[in-house]
> 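Attaching a single structure in structure tokens format; questions to follow.
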Amino acid sequence: MTDNSERKAQILELADIQGTLLRQRPWPYTGAYFLLRIDDAADGRKMVRQLAPQVASAERWWDPPNRAWFSVALSHAGLRALGVPQASLDSFPPEFREGMAARAARLGDVGESNPEHWDPPLGTSDVHVALSVFAPDDAGLQSVLDGAREALNGLPGVSVIYRLDAHQLPTGRTHLGFVDGIGEPDIEGAGVASILQTQAGGDHYGYLPGFGPTIKAGEFLLGYVNELGRVGPMPQPDILGRNGTYVAFRKLHMRVAAFRRYLKDNASSPEEEELLAAKMVGRWRSGAPLVLAPEHDDPDLAADPQRANDFAYRQEDPRGLRCPLGSHIRRMNPRDDLSDTFVDVKLHRALRRGATYGPMLPEGQLEDDGADRGIVFIFMGTDLVRQFEFIKTQWANDGDFVGLGTEKDPVIGDNDATGTFTIPRQPIRRRLRELPRFAVTKGGEYLFMPGIRALNWLAELDA
Ligand code: HEM
């Protein structure tokens with residue numbers, strides 16, 4: 001590739017990119033995920049034609065009249081149901097063609113998380129289209145929902161087969177009590193160096209320290225140069241692939257009562273429970289990172305977007321005395337930890353979206369009330385194997401890369417009550433035992449999120 005075309009490749013076509021890919025939603029927000037089945041290709045294409053103008057692009061994400069967010073993604077079966085030609089279907093990578101359920105064993109979706117226990121229709125060939133619809137409040141949500149409903153009106157060949165309501169509370173806290181969505185990759189050319197939301201719900205434009213090296217857009221968007229220095233493989237024709245990406249969609253049920261009981265059983269005071277929880281995640285529940293606040297929570301630090309993510313591991317905490325090597329955030333983004341190994345962390349970054357579903361378990365309650373609650377985890381990137389599957393198998397469900405043998409992520413690992421979690425301490429480390437599974441997979445799909453031009457191409461297919 002010439003210098004010129006390389007430069008051209010990095011100018012992001014923001015108006016063609018579904019906004020959720022490059023932008024975060026400021027909280028609070030409310031919304032829902034819908035899954036649809038297409039029984040008639042012509043109806044399916046008509047639906048896509050009507051939905052495409054409603055998708056919020058990365059360019060229009062913050063425009064006041066558009067402060068509601070709508071995105072569309074399709075499964076391989078969905079592309080087939082729309083009438084995408086076989087040669088094009090075959091140009092998608094094998095993991096996407098197989099689907100998430102077929103890859104359960106490698107992802108650690110075993111035992112209770114096995115696809116045979118998933119909520120129907122998740123993991124079945126009925127799932128063709130996934131819509132996510134979000135807005136800051138109920139009124140905004142209603143207006144996007146009305147638009148979407150209109151797009152489906154009079155199309156008997158398209159059915160809504162699943163709905164999952166989701167939200168983010170004004171506190172930004174998720175079920176285990178933690179603020180989430182702080183660490184995100186800084187994507188080259190995305191138009192905003194890094195954006196973070198605060199509990200106050202504001203957007204912070206401009207540079208925020210601590211997001212690590214800028215990551216090439218091709219890691220998250222098809223058609224651009226990636227961290228390997230080239231434009232990666234794209235589904236064909238180009239108009240279908242360009243500005244699209246792959247999505248790992250997972251419904252993760254959280255065992256909140258079990259998490260609280262585990263903390264209580266392994267601590268001698270409420271303060272120690274908080275410390276244990278922080279050691280497992282790598283941040284206090286407020287969001288303050290342990291590397292910068294090792295002994296006590298620091299809500300002021302957590303609330304300061306200039307500081308809350310501004311840390312690395314090798315200099316500040318090489319042995320994990322502050323933030324354990326096996327904690328969730330240190331596994332999921334080892335930052336500079338692996339800089340003297342062959343692993344290039346930039347090839348395994350996670351672009352996370354998603355939301356909380358289900359009612360909060362009342363504060364202090366230690367018994368499960370039977371409600372379904374958890375997170376809808378959305379991962380986006382151009383290489384599901386090198387990114388999502390690598391992180392899940394090598395960093396979440398194994399401990400070798402940080403010298404922890406088979407020890408798994410304490411929060412999301414497929415632990416089965418025989419799990420351990422090592423907390424480095426002086427003079428001797430502490431090892432927690434009998435770690436149960438706190439997150440159970442209730443379903444998942446691999447999806448393709450096309451660019452907006454590609455949606456129109458799909459709508460006009462002549463099949
Ligand atoms: C039940 C499921 C999960 C819960 C409750 C959870 C919770 C959290 C929390 C509280 C944080 C700290 C806030 C932040 O740094 O943004 C975090 C960070 C993160 N999580 Fe998760 N998470 C879950 C699943 C996952 C999965 C499945 C992955 C990837 C496969 C993942 C990847 C990450 C990454 C990349 C970070 C940011 C790390 C950093 O940049 O320092 N999480 N998560």
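Atoms within each ligand, like the ligands themselves, are counted from 1 in listed order. Both backbone and side-chain heavy atoms feed into the values below; hydrogens, waters and symmetry mates do not. Residue numbers count from 1 along this sequence.
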> With a heavy-atom distance limit of 4.0 Å, tell me whether H175 approaches ligand 1 through its side chain, its backbone, both, or neither.
neither

> Is a salt bridge present between R23 and E59, judged by a nitrogen-to-oxygen distance below 4.0 Å?
no

> Does R335 come within less than 4.0 angstrom of ligand 1, counting non-hydrogen atoms of the residue?
yes

> Would you name the N/O/S atom of H328 that lies closest to atom 21 (Fe) of ligand 1?
NE2

> Counting only heavy atoms, tell me which of I378, I412, V376 gets closest to atom 24 (C) of ligand 1.
I412

> Just by modelled atom types, is the V127 backbone N or O under 3.5 Å from a matching donor or acceptor in the S75 side chain?
yes

> Check whether any heavy atom of T174 sits under 4.0 Å from an atom of ligand 1.
no

> Of all the heavy atoms in V179, does at least one lie under 4.0 Å from an atom in ligand 1?
yes

> For I391 and ligand 1, does the shortest N/O to N/O distance drop below 3.5 Å?
no

> In terms of ring plane angle, is the pair W395 and F390 parallel, tilted or perpendicular, where the classes change at 30° and 60°?
perpendicular

> Could you check whether R314 pairs with D340 (Lys NZ or Arg NE/NH1/NH2 to Asp/Glu carboxylate O, under 4.0 Å)?
yes

> So if I count the atoms of ligand 1 from 1 in the order they appear, which ones are less than 4.0 Å from some heavy atom of A439?
1 (C)

> Quick check: does N309 get an N/O under 3.5 Å from an N/O on ligand 1?
no

> For ligand 1, which atoms have a heavy atom of A350 less than 4.0 angstrom away?
35 (C)

> Would you please determine whether A396 falls within less than 4.0 Å of ligand 1 on a heavy-atom basis?
no

> Evaluate the side-chain hydrogen bond (donor to acceptor under 3.5 Å, both in side chains) criterion for residues T420 and E407: first the C-alpha distance (whole Å), next the side-chain angles of each, then the deciding distance (0.1 Å), finally the verdict.
CA-CA 6 Å; T420 58; E407 199 169 290; 3.0 Å; yes

> Of F311, F259, Y313, F377, which has the heavy atom at the shortest distance from atom 31 (C) of ligand 1?
F377

